[in-house]
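Indexing begins at 1, ligand by ligand and atom by atom, following the structure's order.
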Amino acid sequence: MADQFDVIFLGAGPGGYIGSIRAAQLGLKVACVEKDKTLGGTCVNVGCIPSKALLYSSELYEQTTHKFKKHGIEVEGVKLNLAAMLKRKDAVVRQNTTGVEFLYKKNKIEWVKGSAAFIGPKEVEVVDAEGNKRTLTAKHIVIATGSAPIELPFLKFDEKQVVSNVGALTFPEVPKKLVVIGGGVIGLELGSVWRRLGSEVTVVEFLPHLLGNMDDDLRKEAKKIFEKQGLKIKLGTKVVSGKADKKGVTLAVEKDGKQETLDADAVLVSIGRKPYTEGLNLDKAGVKLDEKGRVLIDDHFRTSVEGVYAIGDCVRGAMLAHKAEEEGVACAEIIAGQAGHVRYDTIPGIVYTWPEVGSVGITEQEAKEQGIEIKTAKLPFMSNPRARCNDDLEGFCKIIADKKNDRLLGVHIIGPWASELIAEAVSVMEFGGSAEDIGRTVHGHPTLSEIVKETALAVDKRALNS
Ligand code: FAD
Ligand code: NAI
């Protein structure tokens, strides 16, 4: 006999675990199937959380070795204890995975351990690590199985020399030379971690710019700053072949028809992620995929099969934890008969390097493409008193507003704590606010957030301090 639930989430990443909690809050009987030994998915186990733990630790190391002196702090004999740094990172991950487990108990969500596969449109079979089988049925099933790193056909992951995010979070020694293929978010974050800890890092990116479709001013500034920090960046460069052996990894790269060889102790391949639906038996249930292999959904997360939904990295849109979470909440609310909704144009994109990058809304190039008439302003952190106090002077804040009505359309920040500063812009955009709304809002002094206010004033050519 199959065990009966109101809703079953497949996968316990930010989409599945937050969706499960919301569904349970709304009074539904919830099961969540997770095949890994711990809850939390990519984000908690091998993504957001461990990478941010290492980014913080490695930045403290960099500050101690390179930045303290200017503040009059002289420290001698600073030593890296990588094992301790990695151990702390693992402890942070554990705090988070056990935190999710606690929330499951609190909300009476059943964690069904094992891999799920559809055996019918309303039924899944779960096989655990010992091969035990259990059948579950529910009126509503939500696919939240996430994504996996894309591999280069000629450079298979061994997670020691040729690594994805998984191996790049666990190198037991600092690689002398690290080549990062892909100048996107993972490449710049984890490339920065290992550079700070002593690696010679080369980033190879086949587009003529870093950071995908972010604002062009921001991409250029990021390149300038990261190069100054010591990252070697090769743009417009294609990796054509690669070979790993006992001595290391050798890559052949090509730019404008000219070939070059790069030697490395390790290579991080961070060229994007693909939706993960392997082993789910989607065809058995009749669930259709789109042209990019993502689970095809409508505006209400409904797949091609009634009662089956999909959210997070395995569907269209940005592969971000907060996007997956919002979809989990909205999907649970729709299942419970409420009007769940996600607003996609105010999802911030953040890069946790130092300085950080925080961006929301449209870029200047998108405004041009869409024929929207805009007003823009851009102010450097150099003009912000708090940034001067902290000696955190790199970067800028750029605001894009609608020329007709001043409505806030996009905010792009590269600078200290941009991850936190961007939240103000997200809120104002969420309420349909204008640049003037920010310009007339009191901001504490001296704070980094004053740069957002000053830039908003500058949109109307009335900045006071710059
Ligand atoms: P996932 O988190 O991938 O979870 C899916 C879960 O489903 C997994 O636990 C998997 O084991 C399980 N599963 C799959 N198939 C089955 C099956 N058949 N049966 C049972 N279980 C199954 N995003 C941010 O917003 N901020 C960041 O700072 C950030 N940093 C990142 C850093 C790195 C290095 C990486 C790789 C990603 C980062 N991301 C970040 C992206 C973020 O991790 C993902 O967007 C997010 O985890 C997606 O959530 P999800 O629930 O859709 O899928
Ligand atoms: P990405 O899409 O951010 O960057 C991949 C980069 O690799 C792109 O610039 C692309 O042009 C380049 N590329 C692709 N193929 C290439 C090739 N053959 N040779 C050279 N360059 C190539 O993907 P990334 O960094 O792998 O991250 C995956 C996902 O994880 C992203 O969607 C991101 O949203 C998410 N993530 C989010 C983080 C955050 O929010 N801070 C942190 C890390 C990951």
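- Residue K67 places its NZ atom among more than 12 non-hydrogen atoms of other residues, nucleotides or ligands, all under 6.0 Å distant.
- Scored by the ring pair (Phe, Tyr, Trp, His ring centres under 6.0 Å) test, H140 finds Y309 as partners (sequence neighbours excluded).
- A donor-acceptor pair shorter than 3.5 Å can be found between the side chains of Q4 and T137.
- Taking each heavy atom of A330 and H341 in turn, the nearest pair found is CB-N, 3.5 Å.
- Atoms of ligand 2 lying under 4.0 Å from any heavy atom of L320, numbered from 1 in the order shown and given with element: 34 (O), 37 (C), 40 (O).
- Geometrically, ligand 2 and M319 share a nitrogen or oxygen pair separated by less than 3.5 Å.
- For atom 5 (C) of ligand 2, the nearest non-hydrogen atom of the protein is S270 O, 3.5 Å.
- Of the protein's heavy atoms, V185 CG1, 3.3 Å lies nearest to atom 38 (C) of ligand 2.
- Atom 7 (O) of ligand 2 has its closest protein heavy atom at G182 CA, 3.3 Å.
- Contact atoms of ligand 2 toward L207: 11 (O) (distance under 4.0 Å to a heavy atom of the residue).
- When hydrogens are left out, the protein atom nearest atom 9 (O) of ligand 2 is E205 OE1, 2.5 Å; that is the closest non-hydrogen contact.
- For a threshold of 3.5 Å applied to N or O pairs, the pair formed by V351 and ligand 2 contains no separation below that value.
- For the pair K29 and F5, the cation-pi criterion (under 6.0 Å, within 45° of the ring axis) is fulfilled.
- T455 is linked by a side chain to side chain donor-acceptor pair (under 3.5 Å) to nothing, counting only residues two or more places apart in sequence or in another chain.
- Between D215 and T363, the side chains place no donor N or O within less than 3.5 Å of an acceptor N or O (distance only, hydrogens not considered).
- A side-chain donor from one of D392 and W354 sits under 3.5 Å from a side-chain acceptor of the other.
- Side-chain contact of E101 with Y17: a donor-acceptor pair under 3.5 Å is absent, judged by distance alone.
- For atom 20 (C) of ligand 2, the nearest protein heavy atom (residue, atom name, distance) is F206 N, 3.5 Å.
- For the residues T237, I271, T42, I186, the heavy atom positioned nearest atom 22 (C) of ligand 2 is part of I271.
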Can you give me a line-by-line list of nitrogen or oxygen pairs between ligand 1 and the protein shorter than 3.5 Å?
{"unit_1": "ligand 1", "atom_1": "2 (O)", "unit_2": "T42", "atom_2": "N", "d": "3.0"}
{"unit_1": "ligand 1", "atom_1": "3 (O)", "unit_2": "T42", "atom_2": "OG1", "d": "2.6"}
{"unit_1": "ligand 1", "atom_1": "9 (O)", "unit_2": "E34", "atom_2": "OE1", "d": "2.6"}
{"unit_1": "ligand 1", "atom_1": "9 (O)", "unit_2": "E34", "atom_2": "OE2", "d": "3.1"}
{"unit_1": "ligand 1", "atom_1": "11 (O)", "unit_2": "E34", "atom_2": "OE2", "d": "2.7"}
{"unit_1": "ligand 1", "atom_1": "11 (O)", "unit_2": "K35", "atom_2": "NZ", "d": "3.3"}
{"unit_1": "ligand 1", "atom_1": "11 (O)", "unit_2": "D36", "atom_2": "OD2", "d": "3.4"}
{"unit_1": "ligand 1", "atom_1": "18 (N)", "unit_2": "A116", "atom_2": "O", "d": "3.0"}
{"unit_1": "ligand 1", "atom_1": "19 (N)", "unit_2": "A116", "atom_2": "N", "d": "2.9"}
{"unit_1": "ligand 1", "atom_1": "21 (N)", "unit_2": "K35", "atom_2": "N", "d": "3.3"}
{"unit_1": "ligand 1", "atom_1": "23 (N)", "unit_2": "A321", "atom_2": "N", "d": "3.3"}
{"unit_1": "ligand 1", "atom_1": "25 (O)", "unit_2": "A321", "atom_2": "N", "d": "2.8"}
{"unit_1": "ligand 1", "atom_1": "25 (O)", "unit_2": "H322", "atom_2": "ND1", "d": "3.2"}
{"unit_1": "ligand 1", "atom_1": "28 (O)", "unit_2": "K52", "atom_2": "NZ", "d": "2.7"}
{"unit_1": "ligand 1", "atom_1": "30 (N)", "unit_2": "C48", "atom_2": "N", "d": "3.4"}
{"unit_1": "ligand 1", "atom_1": "30 (N)", "unit_2": "K52", "atom_2": "NZ", "d": "3.2"}
{"unit_1": "ligand 1", "atom_1": "45 (O)", "unit_2": "D313", "atom_2": "OD1", "d": "2.8"}
{"unit_1": "ligand 1", "atom_1": "45 (O)", "unit_2": "D313", "atom_2": "OD2", "d": "3.3"}
{"unit_1": "ligand 1", "atom_1": "45 (O)", "unit_2": "M319", "atom_2": "O", "d": "3.3"}
{"unit_1": "ligand 1", "atom_1": "45 (O)", "unit_2": "L320", "atom_2": "N", "d": "3.2"}
{"unit_1": "ligand 1", "atom_1": "45 (O)", "unit_2": "A321", "atom_2": "N", "d": "3.3"}
{"unit_1": "ligand 1", "atom_1": "47 (O)", "unit_2": "C43", "atom_2": "N", "d": "3.3"}
{"unit_1": "ligand 1", "atom_1": "51 (O)", "unit_2": "P14", "atom_2": "N", "d": "3.3"}
{"unit_1": "ligand 1", "atom_1": "51 (O)", "unit_2": "G15", "atom_2": "N", "d": "2.9"}
{"unit_1": "ligand 1", "atom_1": "52 (O)", "unit_2": "D313", "atom_2": "N", "d": "2.9"}

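- Other residues, nucleotides and ligands contribute at most 12 non-hydrogen atoms within 6.0 Å of the OH atom of Y56.
- Checking only distances, R273 never comes within under 3.5 Å of ligand 2, N or O to N or O.
- Checked against a 3.5 angstrom limit, the closest N/O atoms of I350 and ligand 2 fall inside it.
- The closest non-hydrogen atom to atom 1 (P) of ligand 2, taken over G191, G184, G212, comes from G184.
- Of the heavy atoms in E189, only side-chain atoms (C-beta onward) come closer than 4.0 Å to ligand 2.
- Taking a 6.0 Å sphere around CG of D245, one finds it holds more than 12 heavy atoms contributed by other residues, nucleotides or ligands.
- Within 6.0 Å of the CG atom in D263, the count of heavy atoms belonging to other residues, nucleotides or ligands exceeds 12.
- Near Y352, meaning under 4.0 Å from any of its heavy atoms, are these atoms of ligand 2: 41 (N).
- With a 4.0 Å cut-off on non-hydrogen atoms, V204 touches ligand 2 through its backbone and not its side chain.
- Pairs engaging residues 90-122 under the ring-ring contact (aromatic ring centres under 6.0 Å, His included) rule: none recorded [sequence neighbours left out].
- Using a 4.0 Å cutoff on heavy atoms, G272 counts as a contact of ligand 2.
- For atom 19 (N) of ligand 2, the closest heavy atom belonging to the protein is I181 CG2, 3.6 Å.
- For T346 and E430, the side-chain atoms include at least one donor-acceptor pair closer than 3.5 Å.
- Remark: L55 CG to C48 SG distance equals 11.5 Å, nearest 0.5 Å.
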